[in-house]
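Please read all numbers here as calculations on a predicted model, not as lab measurements. In what follows, chains are A, B, ... by sequence order, proteins preceding strands, each numbered from 1. Side-chain atoms are counted along with the backbone in the values below, which use heavy atoms only and exclude waters and symmetry mates.
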Protein chains: 2
Amino acid sequence: MSAVTGRRERERAQRHQLIVTAARELAETEGWDAVTTRRLAERVEYSQPVLYSHFAGKDAIVSAVALDGFGELAEQLGRARAAVAAPGPVALRAVCRAYLRFAAERPALYQAMFVMPTDLAFATDETPAPMRACFDEFVGCFPAGDEQREPLAEVVWSAVHGMAVLADSGRIPPDGQEGRLDLLIGRFTG
Amino acid sequence: MSAVTGRRERERAQRHQLIVTAARELAETEGWDAVTTRRLAERVEYSQPVLYSHFAGKDAIVSAVALDGFGELAEQLGRARAAVAAPGPVALRAVCRAYLRFAAERPALYQAMFVMPTDLAFATDETPAPMRACFDEFVGCFPAGDEQREPLAEVVWSAVHGMAVLADSGRIPPDGQEGRLDLLIGRFTG
DNA sequence: GCACCCATCCTAGCAGTGCTAGACATTCTG
DNA sequence: CAGAATGTCTAGCACTGCTAGGATGGGTGC
């Protein structure tokens, strides 16, 4: 009994991840509009209702993909910041550049994380660790003594997020990103 | 004949605007998800197909609503900037505050303008005047001689846009906006 | 004044969406 | 090996954006 349920839970978890990665791949190659429950079910070679035995609905699948993305983004930002020793302009630029590259290279994943409606809690006690980790990489770019470092991180994050989404939707020319980033960093670490 | 077509075109233009304002009202009161072609048609007391005799599709209706919004936003920003005489920190703060208030008070309209997919051209020769006017209000907050004023406007706009959308979707606490704006303005006009 | 004609509008329907109820197997248990 | 429980699928609901075809009415020429 226990052995059986153990195996079943293992298979279940495996299929859970299968759905998430399938949704993510589909979104990254064809955009979120192409991610329908039917196509997703076909992709994982199960029928539609199976999706609903794992997730409350399509939104929950998107959230799961987003959570995956936060893990990756945290890793990328962490690597960028670790490459420079101390807080300061260089660290901030490195983190922002990594952030913008992530947004540009994985637009669908970025959408799921930061623009699509989500039930994931931001900035509360129940905020999943990878999400806090992402934000903390921005915070860590400012000196530990600075009382304003959290609000500063919020503003810088807002700015790069704005740049990312406006460029992605064609509302500002995408090739000016580097220059805009220079301007931003200059003002925030002068 | 000419008189008849004249009246008909007038009626057509009237109904065109009727559809746009109905879509906008519906979106502002119940959100864009509630704006379906059926509900919109019922609202204007016509059948669905007449919508398609005025607009290529639902996206075109959203774009028309957005264009309406750009006119209003330009007016709000213009008023805010005109209240202070010269370019500088005070003007920039006034424009940004007006922008953030607009986004907070008309979230659905703001979505149509700045986050929903659109076929409206940004920053090209065919960019509609109201859209350019909005951007120019940001540009006008920097001294006329500054060669960097356009990129600076882009960055500031990106920042306030980021703040607006992240707050709207609950990704940053909405009550910190004023403080974040102070931080931003301080850095960009010090 | 009358018949024609053309523009306008609506009914009905298509293919697709997210989601679910109930029948069908398949697997484990006693 | 029978019975129970678990899992899965088929079929369907109410909805979406969008469109083809027929009816209806007003404007035009005789």
| message | Has A/R149 got a side-chain atom pairing as donor or acceptor with A/P143's backbone, closer than 3.5 angstrom? | response | yes
| Roughly, in whole Å, what's the span from CD1 in A/I61 to P in C/dC19? | 8 Å
| In whole angstrom, what separates B/D59's CG from D/dG17's P? | 10 Å
| field | Phosphate contact (D/dT8 OP1 or OP2) by A/S47 side-chain N/O below 4.0 Å | value | no
| query | Of all the nucleotides listed (D/dG17, C/dC9, D/dT8), which has the minimum atom distance to the side chain of B/K58? | reply | D/dG17
| request: Return the value, rounded to whole Å, for the distance between atom CD of B/E11 and atom P of D/dG26. | output: 12 Å
| note | B/F55 atom CZ is separated from D/dT19 atom P, nearest whole Å, by 15 Å
| Spacing between B/Q48 atom CD and C/dT8 atom C1', to the nearest angstrom | 17 Å
| request: Between A/P49 and A/T36, just flag the one whose closest nucleotide in DNA chain C comes earlier from the 5' side. | output: A/T36
| message | Distance check needed: D/dT16 P versus A/R38 CZ, whole Å only. | response | 16 Å
| task | Using a cut-off of strictly less than 4.0 Å, decide whether B/T37 has a side-chain nitrogen or oxygen near OP1 or OP2 of D/dC18. | result | no
| Just checking A/R39: base, sugar-phosphate only, or nothing, at a heavy-atom cut-off of under 4.0 Å? | nothing
| task | Return yes if a side-chain donor-acceptor contact under 3.5 Å exists between B/R180 and B/Q177, otherwise no. | result | yes
| Any side-chain heavy atom of A/I61 within less than 4.5 Å of one from A/L40? | yes
| query | So what does B/R12 touch, heavy atoms closer than 4.0 Å: a base, only the sugar-phosphate, or nothing? | reply | nothing
| How many Å lie between OH on A/Y52 and C1' on D/dC9, as a whole number? | 15 Å
| request: Run the numbers on A/Y110 and A/Y99 for ring-ring contact (aromatic ring centres under 6.0 Å, His included), then give the verdict. | output: CA-CA 10 Å; A/Y110 188 84; A/Y99 186 94; 5.7 Å; yes
| note | Test side-chain contact (heavy atoms from CB on, under 4.5 Å), reference B/V155, set A/L183, A/V160, A/I172, output is A/L183
| Atom pair distance, as rounded to whole Å: CD in B/E42 and P in C/dT11 | 12 Å
